[in-house]
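Note that the structure is predicted; figures quoted are calculated from it, not measured.
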2 protein chains.
Amino acid sequence: MVSIDDLSASQEDYLEAIFHISEEKMAARAKDIAKYLDVKASSVTGALRILGKHELINYAPYDLITLTDKGRVIAEEIVYRHRALEKFLVKVLGIEREDADAAACKMEHHVPKAIIERLVKYAEYVDHCPRGGVSWESGFGYYCKHGCTDQDCERCVGEMEIQSQKLV
Amino acid sequence: MVSIDDLSASQEDYLEAIFHISEEKMAARAKDIAKYLDVKASSVTGALRILGKHELINYAPYDLITLTDKGRVIAEEIVYRHRALEKFLVKVLGIEREDADAAACKMEHHVPKAIIERLVKYAEYVDHCPRGGVSWESGFGYYCKHGCTDQDCERCVGEMEIQSQKLV
DNA sequence: GTATTTTTTTAGGCACGCCTTACTTATTAT
DNA sequence: ATAATAAGTAAGGCGTGCCTAAAAAAATAC
C-alpha cells in the first residue's frame with residue numbers, strides 16, 4: 001500500500017499536475033503534463049509508469065490519464081499543503097502572491113505535516129482574530145517599514161542605549 | 001567562484017556539520033562527520049573532496065578538516081537559516097523545540113532566502129512588540145486550545161449562525 | 001487510403017548522492 | 001618494532017530523475 005510519504009518530490013509534482021489538469025480538461029495527456037512541469041515528454045512516461053504501478057493513476061500507453069480514488073486523495077492532500085503554505089506566506093508574512101506561489105512550490109515537499117497544520121491554524125487565527133493577532137497593514141507590515149515606534153517600548157530603550165554607546 | 005546557491009542540499013549538510021563539530025573541537029575529522037550525518041565514512045570522502053576543491057574547507061587526506069574563510073561565511077549563512085527557521089517555529093508557531101529542529105533540518109535547504117528574511121523579521125516583530133504582535137501564551141496558543149472566545153467577534157457571529165442552522 | 005504531423009514511447013546516457021567491499025595509511029598497545 | 005585496531009581512500013553499484021535521439025503509434029490532412 002502506497003501512502004503520501006512514499007512519494008518523492010517529483011512524484012508529488014506529477015500527481016499535483018495531473019490533478020490540476022484534470023480539473024480543467026477531465027483527463028490529462030502526457031503532453032499537458034510535460035508542459036505544466038516544464039520537462040520533456042519522455043520524462044513524463046517514466047513517471048506515469050511508476051504512478052500507474054502504485055495505482056495512483058489509471059495509465060495505459062497512449063490512453064487518457066486519470067486519477068484513481070487513491071490517487072485523488074493524495075493529490076488533494078498535496079494541493080492542500082501548497083495552498084496552505086501560500087496563504088500563510090501571503091496573509092501572515094505579506095509576501096507577494098507570485099513569490100509566495102513560487103516559494104510554496106519549492107517548500108511544499110519538505111514541510112512536515114504537523115508544521116503545515118500549525119501554519120494553517122496560525123493563518124486562520126490571524127484571519128479570524130486580527131485584533132489578537134496581527135493584521136498585516138497595521139501590525140507587521142508597519143513594523144517592516146518603520147520599525148518599532150512605541151515610545152515606551154522597553155526593548156527599544158535597551159537598543160537606544162546600545163546605539164548611544166556606539167556613538168560615544 | 002562558488003556561492004551558497006551552487007551547493008546541493010547534502011553539501012550544505014556537510015558544511016553545516018563541519019561548522020558545528022569545529023565549534024566544539026577546533027577541527028573535524030571524517031569520522032565525526034559520518035557520525036553527525038549518519039552516513040558511511042566512505043560517503044564523507046567524496047563530499048570533502050568537492051568542498052575542498054571549491055575551497056570551502058582545508059582538506060588533505062588524513063589531516064584535520066577546517067573551514068576556509070570562504071567556507072565559514074557560507075556555513076554561517078546555512079546555520080543562520082536553520083536557527084532562523086527553528087526560532088520562528090518555536091516562538092511564533094509554538095512548535096516543540098525538538099520537533100522544530102527536525103523540521104528545520106528538512107526545510108532549510110528549500111526555503112528561499114527572501115522568505116527566511118521575512119520569517120526572521122516576523123519573529124523579531126513578535127518578540128519585540130508582543131502587544132502589537134502575538135505572544136504565544138495569550139494569543140495563538142490560547143486560540144489553539146480554546147478557539148475564539150471574543151463575544152463580539154463578527155466572524156464568530158457568522159459561524160454561530162451556521163452552527164444554529166445545522167442544529168435545526 | 002495513403003501521407004504528413006503530432007503524440008507517445010523506447011533506448012541509451014549523465015549527474016547526483018548514497019552504498020558496499022577491498023585496500024591503504026595511521027595510530028596505539030605491548 | 002610489530003601486531004592489532006582505527007581511520008581514510010578507491011572502485012564499482014544502485015536508484016532517482018532528468019536529458020536527447022529515434023522509433024512507434026495515433027491523429028489529421030489531402
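- With a 4.5 Å cut-off between side-chain heavy atoms of Ile, Leu, Val, Met, Phe, Trp and Tyr, the cluster of A:Tyr62 takes in none.
- Pairs engaging residues 42-52 of chain B under the side-chain hydrogen bond (donor to acceptor under 3.5 Å, both in side chains) rule: none recorded [sequence neighbours left out].
- Contacts between residues 23-34 of chain A and DNA chain D, counted as heavy-atom distances below 4.0 Å, involve no residue at all.
- A 4.0 Å heavy-atom criterion places the boundary nucleotides of DNA chain D facing chain A at D:dG17 to D:dA26, written 5' to 3'.
- Partners of A:Lys70 under the salt bridge (charged side-chain N to carboxylate O under 4.0 Å, His left out) rule, at least two apart in sequence or in another chain, are A:Glu55.
- A ring-ring contact (aromatic ring centres under 6.0 Å, His included) check over residues 90-121 of chain B, counting only residues at least two apart or in different chains, returns the pairs A:His110-B:His110.
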For residues 92-107 of chain A, which side-chain N or O atoms pair as donor and acceptor with protein atoms under 3.5 Å away, sequence neighbours left out?
unit_1	atom_1	unit_2	atom_2	d
A:Arg97	NE	A:Glu86	OE2	3.2
A:Asp101	OD1	A:His82	NE2	2.9

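- When the shell of 6.0 Å around CG of B:Asp63 is examined, it contains more than 12 heavy atoms from other residues, nucleotides or ligands.
- Counting only residues at least two apart or in different chains, salt bridge (charged side-chain N to carboxylate O under 4.0 Å, His left out) contacts with residues 28-43 of chain A comprise A:Lys25-A:Asp32, A:Arg29-A:Asp32.
- The hydrophobic cluster analysis finds B:Val73 isolated: no Ile, Leu, Val, Met, Phe, Trp or Tyr side chain comes under 4.5 Å of it, directly or through other members.
- Atom CG of A:Leu48 and atom P of C:dT10 are 11 Å apart (whole Å).
- In this model, the phosphate group of C:dT9 is approached by a side-chain N or O of A:Tyr59 to a distance below 4.0 Å at OP1 or OP2.
- Pairs of residues two or more places apart, or lying in two chains, never qualify as salt bridge (charged side-chain N to carboxylate O under 4.0 Å, His left out) while including a residue from residues 2-16 of chain A.
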Q) Could you run down nucleotides 16-27 of chain C 5' to 3' and tag each one B, S or - for protein heavy-atom contact under 4.0 Å? A) -SSBB---BBS-
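- The hydrophobic cluster containing A:Leu7 also includes A:Val2, A:Ile4, A:Tyr14, A:Leu15, A:Ile18, A:Phe19, A:Ile21, A:Ile33, A:Tyr36, A:Leu37, A:Val39, A:Val44, A:Leu48, A:Leu51, A:Leu56, A:Ile57, A:Tyr59, A:Ile65, A:Leu67, A:Ile74, A:Ile78, A:Val79, under a criterion of side-chain heavy atoms closer than 4.5 Å among ILVMFWY residues, counted directly or through chains of members.
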